[in-house]
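Have a look at the structure below, then the notes.
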Amino acid sequence: MQLFYNDSLYPQVQEVTFDKEESNHIHKVLRKKTGDLLHITDGRGYLYEAQIQYITDKKCTAHILSHSLTPTPVYHLHIAVAPTKMNERYEWFLEKATEIGVHEVTPILCDHSERKTIKTERFEKILLSAMKQSLQCYKPQLNPPISLLEWLDTIESNSVGKYVAHCQEGARVLLLDRLEELPRETTNLWVLIGPEGDFSQREIQKACSKGFLPVSLSPNRLRTETAAIVACSCISDIFQRKK
């Protein structure tokens, strides 16, 4: 199945029109024609089936035949990850995390961050492409970049399911073991992944004061983007087992 995206769709809508870029892709690349069926998501959980009524390389219009709501994910993972020095690595993380199952991403600026300027327009395109490729109907939310210390001020101290992965000495438990200890009803999780130079001591201390538990992801030292993917995969695996 080929999945398309149009955020202007709602269950009450009876017709959808694609922009020039998507219309050209449908017409020229996929060679769709009048009468063909399309599957479309609005990124908010709905899957629509539509029939093409009019198509050129500049405009494609389809009539909505039916819609259904995809079940919401059984957990909500908010991962805050420091941007990497090489932008391509962060884009790779966004793509793979979306395929595995991430629901909210916040780029965090840390004391040791080498990249301070972030353009989220391309990040949004990466998330959208990965959502369509993996046939998901919920588009991950990408938040504006923010300093880690400011972001921590927005987090409640008394909630559970919060983890900070760092490489410094001290008591750290494997993330998988921490997840096994979670109350069964826990569905909201937060994970902090630092930059190439790791979190500073003050950042770790503040995270812990906000209820984040220090965790290890591997006996090996992982790159930022690899650590983020390992965290996403561990959490997905745990919740798959809980089903």
Side-chain angles (χ1 to χ4, degrees), residues 75-87 89-94 96-97 100-118 120 123 140-183 186-239:
Y75 65 96
H76 182 94
L77 171 58
H78 184 165
I79 187 164
V81 185
T84 52
K85 184 177 180 180
M86 295 179 63
N87 224 27
R89 289 178 177 170
Y90 205 83
E91 292 173 2
W92 179 84
F93 145 68
L94 291 172
K96 301 311 173 190
I100 294 168
V102 71
H103 311 101
E104 193 170 352
V105 178
T106 300
I108 48 171
L109 305 178
C110 303
D111 289 342
H112 298 158
S113 290
E114 295 192 55
R115 177 177 290 277
K116 300 287 187 179
T117 303
I118 304 164
T120 57
F123 289 174
Q141 177 181 330
L142 178 64
N143 297 322
I146 186 174
S147 80
L148 171 58
L149 298 180
E150 289 179 30
W151 183 81
L152 286 169
D153 286 335
T154 69
I155 304 297
E156 294 183 9
S157 300
N158 58 355
S159 53
V160 299
K162 299 180 298 188
Y163 309 100
V164 53
H166 65 81
C167 302
Q168 297 187 24
E169 295 297 325
R172 291 178 296 142
V173 178
L174 276 173
L175 176 60
L176 273 174
D177 293 336
R178 291 286 196 197
L179 293 171
E180 293 285 4
E181 299 168 356
L182 274 177
T186 304
T187 56
N188 292 314
L189 299 105
W190 297 261
V191 177
L192 284 173
I193 304 291
E196 284 91 341
D198 203 2
F199 293 116
S200 67
Q201 192 60 45
R202 70 165 184 162
E203 289 171 334
I204 295 172
Q205 289 174 351
K206 182 161 185 177
C208 292
S209 74
K210 299 291 286 187
F212 282 80
L213 300 176
V215 295
S216 171
L217 299 170
S218 166
N220 306 322
R221 170 165 282 192
L222 306 177
R223 291 183 182 272
T224 294
E225 68 276 13
T226 308
I229 293 301
V230 170
C232 291
S233 181
C234 287
I235 291 169
S236 174
D237 181 57
I238 285 292
F239 278 88

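Here the structure is a predicted model, which is why all the values come from computation and not from measurement.
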Query - Glu181 atom CD, over 12 foreign heavy atoms within 6.0 Å - result: yes

Query - Stepwise side-chain contact (heavy atoms from CB on, under 4.5 Å) test for Leu213 and Val173 - result: CA-CA 9 Å; Leu213 300 176; Val173 178; over 6 Å; no

Report task. Verify, without hydrogens or angle tests, whether Glu225 (side chain) and Trp92 (backbone) share a donor-acceptor contact under 3.5 angstrom. Result -> no

Query raised in the report: Ignoring hydrogens and geometry, is there a side-chain-to-backbone donor-acceptor pair from Tyr90 to Phe123 under 3.5 Å?
Result: no

Query raised in the report: Is there side-chain contact between Ile193 and Leu217, with at least one heavy-atom pair below 4.5 Å?
Result: yes

**Report entry** Heavy-atom closest contact (Asn143 atom, Glu104 atom, distance)
**Finding:** ND2-OE2, 3.0 Å

Query raised in the report: Looking at Ile79, Leu152, Ile204, Ile155, which one forms a side chain to side chain contact (heavy atoms under 4.5 Å, CB included) with Leu192?
Result: Leu152

Requested in this report: Side-chain contact test, heavy atoms from C-beta onward, threshold under 4.5 Å: evaluate it for Glu114 versus Pro195 and give yes or no.
Outcome: no

Report summary line: Shortest non-hydrogen pair, Gly101 vs Leu77, comes out as O-CD2, 4.2 Å

Query raised in the report: Does Ser147 use its side chain to pair, donor to acceptor, with the backbone of Leu109 at less than 3.5 Å?
Result: no

Query raised in the report: Which is it for Ile108 and Phe199 under the side-chain contact (heavy atoms from CB on, under 4.5 Å) test, yes or no, and what are the steps along the way?
Result: CA-CA 11 Å; Ile108 48 171; Phe199 293 116; 4.2 Å; yes

Query raised in the report: In terms of the angle between their ring planes, are Trp151 and Phe212 parallel, tilted or perpendicular, with boundaries placed at 30° and 60°?
Result: tilted

Query raised in the report: Between Thr106 and Ile146, is any pair of side-chain heavy atoms under 4.5 Å apart?
Result: yes

Query raised in the report: Between the main-chain N or O of Cys110 and the side-chain N or O of Ser113, is there a donor-acceptor pair closer than 3.5 Å?
Result: yes

Report task. Let me see the working for Phe93 and Val105 under side-chain contact (heavy atoms from CB on, under 4.5 Å), right down to the final yes or no. Result -> CA-CA 11 Å; Phe93 145 68; Val105 178; 4.1 Å; yes

Report summary line: Looking only at heavy atoms, the pair that brings Gly194 and Ala82 closest together is C-CB, 3.7 Å

Query - Nearest atoms (heavy-atom pairs only) where Tyr75 meets His103 - result: O-CE1, 3.0 Å

**Report entry** Heavy-atom pair with the smallest gap, counting every atom of Leu175 and Cys234
**Finding:** CD2-CB, 4.1 Å

Report task. Give every residue pair that meets the side chain to side chain donor-acceptor pair (under 3.5 Å) criterion with at least one member in residues 198-218, sequence neighbours excluded. Result -> Asp111-Ser200, Asp111-Arg202, Asp153-Lys206, Ser200-Glu203

Query raised in the report: Counting distance only, does the side-chain N/O of His76 pair as donor-acceptor with the main-chain N or O of Asn188 below 3.5 Å?
Result: no

Report task. Any chance you could lay out the side-chain contact (heavy atoms from CB on, under 4.5 Å) test for Tyr163 and Ile235, step after step, and finish with the verdict? Result -> CA-CA 11 Å; Tyr163 309 100; Ile235 291 169; 5.6 Å; no

